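Worksheet for the structure shown next.
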Amino acid sequence: MSQLHSAIDRVTDRIRARSETARAAYLARLRGAAGNGPVRAHLSCGNQAHAYAAMEGQKEALAAGRLANLGIITAYNDMLSAHRPFETYPDLIRRAAAAAGVTVQVAGGVPAMCDGVTQGQPGMELSLFSRDVIALAAGVGLSHNCFDAALYLGVCDKIVPGLIIAAATFGHIPAVFVPAGPMTSGLPNDEKSRIRNAYANGEVGRDALMAAEMASYHGAGTCTFYGTANTNQMLMEFMGLHLPGASFVNPNTPLRDALTTAAVEKAAQITALGNDFRPAGEILDERAYVNGIVGLMATGGSTNLVLHLPAMARASGVLLDLQDFDDISAAVPLMAKVYPNGIADVNHFHAAGGLPYMIGQLLDAGLLHPDSKTVAGDGLAAYRNEPKLLDGQLTWVEGPAQSLNEKILRPASDPFQSTGGLRQLVGNLGRGVIKVSAVAPERHIVEAPARVFHSQEAVKAAFKAGEFTSDVVIVLRFQGPQANGMPELHSLTPLLTILQDRGHKVALVTDGRMSGASGKVPSAIHVSPEAALGGPLARLRDGDLVRLDAVAGTLSSPAPDFTAREAVVADLTANKHGIGRELFEVFRRNVGTSETGAGVVV
C-alpha cells in the first residue's frame, strides 16, 4: 500500500482538528440514536398499524421487527431526464427486497429541479435553495422512524447534496445511493456549443439551435457533459456511498438493473440487525470528504461542489474551508478531459477506464485515503473493480490497468496537468474560486478595465448593443445567496466565448455561480462577502482595473481610493416575487455565505 501523500495527510489533519468539537458532538448524537436499537420497536401499536396499513402480505413481518425494513427516498420526476429512470425503481427494489428477505417502503419523495430548464430564468433563483428543501423533505420522509436503512434515488445538481445532508442527519442508519446513469451519447457537446455560439452571434436561427439542443439532450439519463450531476456521481463512488463502478452505467440496461438489485441487497446486509453495521454517519467522515475533493480535482469537476461539499460536510460535523480545496488541488493531477474540459463525454470517459482506473491510479499514488469506510466494505480497494454481468450474474472484476484512451484519461504519473481543476482566489475584491481545468494557460491571467452590471439581462443588452470592443472584466454583482439565491449564470457563456474568440482578453467576476458545464472563459465566482452584504464588489466602478490571476491565486483591483469608497446598495425588490420566489424570502434572509456552503439548514 502506498504511503499517503503528505499534502493529503496534512489537509486531513487540519480538517480533523478544525472539526474536533463539531464531529464529536455529531458522533455522540449518532451513537445515542443507534444505541436505541431497531427503531420500530419504540413505536406504539397504533403508530405501527398506520405505517403498515397498506403493506399487504408483509404486515406480520413488519410488526415482528425481526427483518430489516428499508426506506426509499426518491427524487423521481420526468421533468429531469436523469431522474426519469427512477419511475420504475420502486417495483424493482420491492422484488429485490423480497428476494433478500427484507421489506421496503417508499418513505417519501423530494423535489428535483432541472437547471437546464431554468437556466437564465427566474426559477433559477430557487435552484440553490432547493438543495436545502430536498434535505428537509427527505427528513420528513425518514421522520416516521420505521427504517433500518435508506436507499436514496437521486442524481442531479442539488439533489445528491441535499440527500447527503439528509443521510448525514439520519446518520445512525445506513445509506446506499442508487444512481440511474447517463443517457447514451447524442450530438457531441462541442458541436452543441458551436451552434449555441453561432446563434448568439446571429449566424444561425432558432430552428438550428432547437435541433442541436434536442439532438444533444435526447433521452433518459444524465446529460453527458461533465457537469454537476455527473460530478455528483463521481463523488458518491469516491466517498463510498455507491457500489463500485455504479455511476456511469446507462439506464434501462441489464447491468443497470443488476446494480440496483445489488444496492438493495447491500442495504439489507449493513443494518444494525446484521453483523456488518455501517451507519452513514461513520462513512461520512473527514477521509470521505477529502477523497471526494481529490476526485473533484482529478476529474476537473463542477465548481458547484465547492458550494455543496462544505454544506454536506457540515451536516456530519466536518468543517471544510476553501483553503482545503486549494491545497488538495495543488497536490492532485488533472487526469481526465471530459467536456467542457475536453471533447469527450462521460460515456467515452467510462469506456476509457473511468472511475475504477482513476481510483486505482490515485490509490497507488497515495492521493486517496485507502482506509475509508464504504458501503462495500472497509477501504477503497473494492472501487478499483468494475461490475460485469457474466452468465447473467453480477460480479466485480479487476478494473483496467491502463487507460484505454489517453486523450480522455491519463495515468496519475503522466496527467494532462500536474495540478487539479480548481483554484482559490484571494485579494481585496474578496475570496472566490476559479475552474482552471478548461481554461487555456494563456488566459489564466486577465487584467482589464471593469464593466459593472447588476443583472444577466443588462450584460446581454450591452453585448447586443456592441459595447464590448476591447479587453474587459465583466463584473456581475448582487448575484449572491442573500441577493437572489445565487443563480447559475451559464446563459452568459456563449457571449463571453464570442468576445474571447474575437481576440479580447475577457473574464467574469461575480458573487454568483456558474454551471458545471461552464469553464472556457476565466471566471472568478462565489466571491465572498457578496455585494448584498456590502462586500468589496459593491465598491467597484466602471473603468476600474481588475486583475484575475489564477497562477498566483489572486483577485484584486489597484484603484487607489478603493477601500475608502462607499458600497453601492442595489434595489433587490424585484427578486422577491414571481415564479415562487416569494416563498423563499425566509431562505434569503437566513442563508449562510458561499464560503461555508450557502446553507440554510446546516
Side-chain angles (χ1 to χ4, degrees), residues 80-86 89 152-157 159-160 176-186 188-189 216-260 262-263 292 295-296 298-302 305 335-362 374-376 380 382-389 394 396-400 403-405 407-410 516-517:
L80 272 76
S81 62
H83 287 204
R84 176 62 188 270
F86 289 140
Y89 272 40
Y152 293 91
L153 313 186
V155 171
C156 282
D157 299 24
I159 294 87
V160 166
V176 178
F177 278 64
V178 187
M183 69 176 69
T184 56
S185 301
N189 285 294
S216 181
Y217 307 116
H218 64 89
T222 316
C223 304
T224 60
F225 60 84
Y226 193 57
T228 311
N230 287 316
T231 303
N232 284 340
Q233 302 314 292
M234 173 278 299
L235 276 175
M236 293 302 94
E237 287 210 33
F238 272 76
M239 294 174 66
L241 291 168
H242 274 178
L243 291 180
S247 294
F248 298 131
V249 175
N250 298 125
N252 304 317
T253 61
L255 181 56
R256 176 82 276 156
D257 288 350
L259 284 164
T260 301
L296 179 67
T299 58
S302 168
L305 272 300
M335 296 171 59
K337 283 282 190 181
V338 188
Y339 189 87
N341 307 340
I343 62 172
D345 67 23
V346 293
N347 293 309
H348 304 138
F349 168 77
H350 185 63
L355 296 182
Y357 173 77
M358 178 175 278
I359 289 172
Q361 285 285 306
L362 291 167
T374 78
V375 296
L380 268 185
Y383 289 79
R384 292 175 176 266
N385 300 327
E386 60 178 332
K388 298 281 188 182
L389 275 181
L394 178 64
W396 275 265
V397 301
E398 187 176 349
S403 169
L404 303 180
N405 188 333
K407 294 180 180 179
I408 300 170
L409 181 61
R410 297 185 65 85

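Values in this document were obtained by computation on a predicted structure and should not be read as measured data. Just so you know, these numbers use all the heavy atoms, side chains as well, and skip hydrogens, waters and symmetry mates.
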Any heavy-atom pair between the side chains of [Y] and [X] that's under 4.5 Å?
X    : Y    : answer
Y226 : F349 : no
L259 : P387 : yes
E386 : P400 : yes
N232 : V155 : no
L153 : H83  : no
Q233 : V160 : yes
L255 : L394 : yes
L241 : V176 : no

Interatomic distance, [X] atom [atom1] to [Y] atom [atom2] [nearest 0.5 angstrom]:
X    : Y    : atom1 : atom2 : answer
N405 : K337 : CG    : NZ    : 13.5 Å
L380 : I359 : CG    : CD1   : 6.5 Å
Y383 : H242 : OH    : NE2   : 9.0 Å
T184 : H218 : OG1   : NE2   : 3.5 Å
R410 : Q361 : CZ    : CD    : 11.0 Å
N230 : D157 : CG    : CG    : 9.5 Å

Has [X] got a side-chain atom pairing as donor or acceptor with [Y]'s backbone, closer than 3.5 angstrom?
X    : Y    : result
Y217 : G186 : no
S403 : L409 : yes
W396 : P244 : yes
E237 : G245 : yes
N252 : P85  : no

Is I343 atom CD1 crowded by more than 12 heavy atoms from other residues, nucleotides or ligands, each under 6.0 Å away? no

Least distance between heavy atoms, [X] atom then [Y] atom:
X    : Y    : answer
S302 : T231 : N-OG1, 3.1 Å
P179 : Y89  : O-OH, 3.0 Å
A82  : A180 : O-CB, 3.6 Å
P182 : N250 : O-ND2, 2.8 Å
A263 : L243 : N-CD1, 3.5 Å
P251 : A220 : CG-O, 3.8 Å

Yes or no on side chain to side chain contact (heavy atoms under 4.5 Å, CB included) for T222 and V346, after CA distance, side-chain angles and deciding distance? CA-CA 10 Å; T222 316; V346 293; over 6 Å; no

For the residue pair D345 / N189, report whether a side-chain donor-acceptor contact shorter than 3.5 Å exists. no

Verdict with reasoning, T299 to V338, per side chain to side chain contact (heavy atoms under 4.5 Å, CB included): CA-CA 8 Å; T299 58; V338 188; over 6 Å; no

Plane angle bin for F177 and Y152 - parallel if under 30°, tilted between 30 and 60°, otherwise perpendicular: parallel

Quick one: salt bridge (Lys or Arg N to Asp or Glu O under 4.0 Å) partners of R256, sequence neighbours excluded?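 If we apply the salt bridge (Lys or Arg N to Asp or Glu O under 4.0 Å) test to R256, skipping adjacent residues, there are no hits.
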
Derivation and outcome, side chain to side chain contact (heavy atoms under 4.5 Å, CB included), residues Y357 and L404: CA-CA 10 Å; Y357 173 77; L404 303 180; over 6 Å; no

Before giving the answer on side chain to side chain contact (heavy atoms under 4.5 Å, CB included), spell out for F238 and L355 the whole-Å C-alpha distance, their side-chain angles and the decisive distance to 0.1 Å. CA-CA 9 Å; F238 272 76; L355 296 182; 4.0 Å; yes

What residues form a side-chain contact (heavy atoms from CB on, under 4.5 Å) with S81, not counting sequence neighbours? M183

